[in-house]
Asker: 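Below is the structure I would like to discuss, written out as structure tokens.
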Protein chains: 2
Amino acid sequence: MTIKEVCQKYNVTPDTLRYYERIGVIPEVHRTPGGIRDYNEEDIKWVETATCFRSAGMPIELLIEYVKLFKEGNNTISARCELLKEARERILEERRKYDEALEKMNYKIRVYEKAVKTGFLEWDDDSNCCSYNKQKEKE
Amino acid sequence: MTIKEVCQKYNVTPDTLRYYERIGVIPEVHRTPGGIRDYNEEDIKWVETATCFRSAGMPIELLIEYVKLFKEGNNTISARCELLKEARERILEERRKYDEALEKMNYKIRVYEKAVKTGFLEWDDDSNCCSYNKQKEKE
DNA sequence: ATACACCCTGGAGTTTACTCCAAGTCAATG
DNA sequence: CATTGACTTGGAGTAAACTCCAGGGTGTAT
């Protein structure tokens, strides 16, 4: 599979995939005799993992560490497991923050939608909302 | 409330809060006669909103836009509502990616934990996992 | 065999979101 | 009233993660 095809599949640019390979986010990719990248199934799985973890905000540094451990072989299995567990904790924590933001957003959207209908913008007193200039906001 | 206290409350640095104010992520903060920032309740709510939305990955550009609309007054209420709805869609999409990554991670962790116990590392054939060098991995 | 699209490398440049700094001001304390 | 420490500004610097580019090679269709 050419770099272009892999890029389409995972919605990244060729520059990004070459960059990932160069710095060790994925292991070296198989090449044609002419030196052109020809991603095999394993290569593609690494790309899938890298793009998936990256889009969940896992830092590149951690992915590099993971690939480094992987290349060292079987005596790094528990280290890899620990690395993933720590990464999981981080991501869970991030997701918790996302949920908090979503809650705040939902509240604001509800208030604004009501305001669009009624013409009155009313925030709860302790709602941690953007109620600066509250008097002016109420028509 | 001093900048330092607000920073402790929301776990950011004074530089960050001053930066937010300078570029319009939050409106201008109340000052003492001497010119020192003295955050009142509204100011603090803006900080809370900004830090909350930022930690969910909402780009600064959008927050600036939101504050700009807010400053323009009541005729931007529906625009603000639309902005928040779009932001919510983005964040929901991001969270979906987080869930996908968590699923992949959980699978890998399960396999590694089993390997630590049994000494055999076995990936499902179509598990999109880092099975490159599969032969070597099985002891 | 030559045109054309695509690929290669190494290195420089860009974007986003801070983060640091110098030079100066403010305010509480001894 | 001087010292100490926190605050101010504008501007420069930094980190992470790409993104772009020049100069050149590959491969396939006519």
Side-chain angles (χ1 to χ4, degrees), chain A residues 1-40 43-44 46-47 49-68 87 90-91 94 97-98 101, chain B residues 1-26 28-40 43-44 46-47 49-67 87 90-91 94 97-98 101:
Chain A
M1 212 172 186
T2 69
I3 197 168
K4 203 184 184 185
E5 290 166 329
V6 179
C7 285
Q8 275 156 359
K9 196 158 149 64
Y10 295 106
N11 199 33
V12 287
T13 67
D15 271 323
T16 299
L17 285 193
R18 284 191 285 257
Y19 166 69
Y20 279 2
E21 189 177 343
R22 181 164 21 161
I23 66 171
V25 167
I26 57 175
E28 295 72 29
V29 169
H30 178 246
R31 305 280 183 127
T32 65
I36 289 188
R37 288 180 183 79
D38 183 20
Y39 292 76
N40 69 17
D43 298 330
I44 291 171
W46 278 105
V47 171
T49 300
T51 53
C52 176
F53 286 7
R54 276 296 303 129
S55 68
M58 184 162 163
I60 270 186
E61 204 46 59
L62 272 189
L63 287 167
I64 293 173
E65 180 65 18
Y66 181 75
V67 170
K68 208 182 118 239
R90 277 160 175 253
I91 292 184
E94 290 300 298
K97 286 181 194 160
Y98 274 54
Chain B
M1 212 175 189
T2 69
I3 197 168
K4 203 182 185 187
E5 290 166 329
V6 178
C7 284
Q8 275 157 359
K9 196 157 150 63
Y10 295 106
N11 199 34
V12 287
T13 67
D15 269 324
T16 299
L17 286 192
R18 286 192 284 256
Y19 166 70
Y20 281 0
E21 189 178 344
R22 180 160 27 156
I23 65 172
V25 168
I26 57 176
E28 296 72 28
V29 168
H30 178 246
R31 306 280 183 126
T32 64
I36 290 188
R37 287 181 184 77
D38 182 19
Y39 292 77
N40 68 15
D43 298 330
I44 290 171
W46 276 105
V47 171
T49 299
T51 53
C52 176
F53 286 5
R54 276 296 303 127
S55 68
M58 185 161 163
I60 271 185
E61 203 48 58
L62 272 190
L63 288 167
I64 293 173
E65 179 65 17
Y66 181 76
V67 171
R90 277 162 175 254
I91 292 184
E94 289 301 297
K97 287 182 193 159
Y98 274 54

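Just the heavy atoms: all of them, side chains too, but no hydrogens, waters or symmetry mates, feed the values below. Sequence lines set the chain letters: A, B, ... in the order given, protein chains first and strands last, and positions in each chain run from 1.
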Asker: Which residue lies toward the 5' end of DNA chain C, B:E61 or B:G35, if each is placed at its nearest nucleotide?
Answerer: B:E61

Asker: Looking only at side-chain atoms of B:I36, point me to the closest of C:dA27, C:dC7, C:dC21.
Answerer: C:dA27

Asker: Rounded to the nearest Å, what distance is computed from the CD1 atom of residue B:I23 to the C1' atom of nucleotide D:dG10?
Answerer: 15 Å

Asker: About how many Å separate CG of B:L63 and CE of B:M58, when rounded to the nearest 0.5 Å?
Answerer: 4.5 Å

Asker: Calculate the interatomic distance between A:K4 atom NZ and D:dG27 atom P; express it in whole Å.
Answerer: 16 Å

Asker: Please determine if a side-chain N or O atom of B:R18 lies less than 4.0 Å away from the OP1 or OP2 oxygen of D:dT8.
Answerer: yes

Asker: Nearest 0.5 Å, please: how far is NE2 in A:H30 from CD1 in A:I44?
Answerer: 12.0 Å

Asker: When you match B:T32 and B:G57 each to their closest nucleotide on DNA chain C, which lands nearer the 5' end?
Answerer: B:G57

Asker: Could you give the distance from SG (B:C52) to NZ (A:K97), rounded to the nearest 0.5 Å?
Answerer: 10.5 Å

Asker: Rounded to the nearest 0.5 Å, what separation is found between the OH atom of B:Y39 and the CG atom of B:L17?
Answerer: 4.5 Å

Asker: Taking atom P of C:dC26 as reference, at what distance in whole Å does atom CD1 of B:I3 sit?
Answerer: 16 Å

Asker: Looking for any heavy atom pair under 4.0 Å, which part of the strands does A:P59 touch: base, sugar-phosphate only, or nothing?
Answerer: sugar-phosphate

Asker: The side chain of A:I60 is closest to which nucleotide in this list: D:dC18, D:dC7, C:dC7?
Answerer: D:dC18

Asker: Checking side chain to side chain contact (heavy atoms under 4.5 Å, CB included) between B:P14 and each of B:T2, B:V6, B:I3, which is the one that passes?
Answerer: B:I3

Asker: Taking the nucleotide of DNA chain D with the closest heavy atom to each, which residue, A:P33 or A:T13, is nearer the 5' end?
Answerer: A:T13

Asker: Whole-Å distance between D:dG10 P and B:Y19 OH?
Answerer: 15 Å

Asker: Given atom CG of B:L62 and atom P of C:dT16, what is their separation to the nearest angstrom?
Answerer: 12 Å

Asker: Has A:T16 got a side-chain N or O lying under 4.0 Å from the OP1 or OP2 atom of D:dT19?
Answerer: yes

Asker: Whether the side chain of B:R22 and the base of D:dG11 hold a donor-acceptor pair under 3.5 Å is what I'd like checked.
Answerer: yes

Asker: Could you state the atom-to-atom distance from CD of B:E28 to C1' of D:dT8 in whole Å?
Answerer: 16 Å

Asker: Under 4.0 Å from OP1 or OP2 of D:dG25: is there any side-chain N or O of A:R31 that close?
Answerer: no

Asker: Check the phosphate of D:dC7 against B:R37, side-chain N and O only, distance under 4.0 Å to OP1 or OP2. Yes or no?
Answerer: no

Asker: Could you tell me how far apart A:D15 (CG) and C:dT15 (C1') are, to the nearest whole angstrom?
Answerer: 15 Å

Asker: Roughly, in whole Å, what's the span from CZ in B:F53 to P in C:dA17?
Answerer: 15 Å

Asker: Check whether any side-chain N or O of B:Y20 sits under 4.0 Å from OP1 or OP2 of C:dA17, and answer yes or no.
Answerer: no

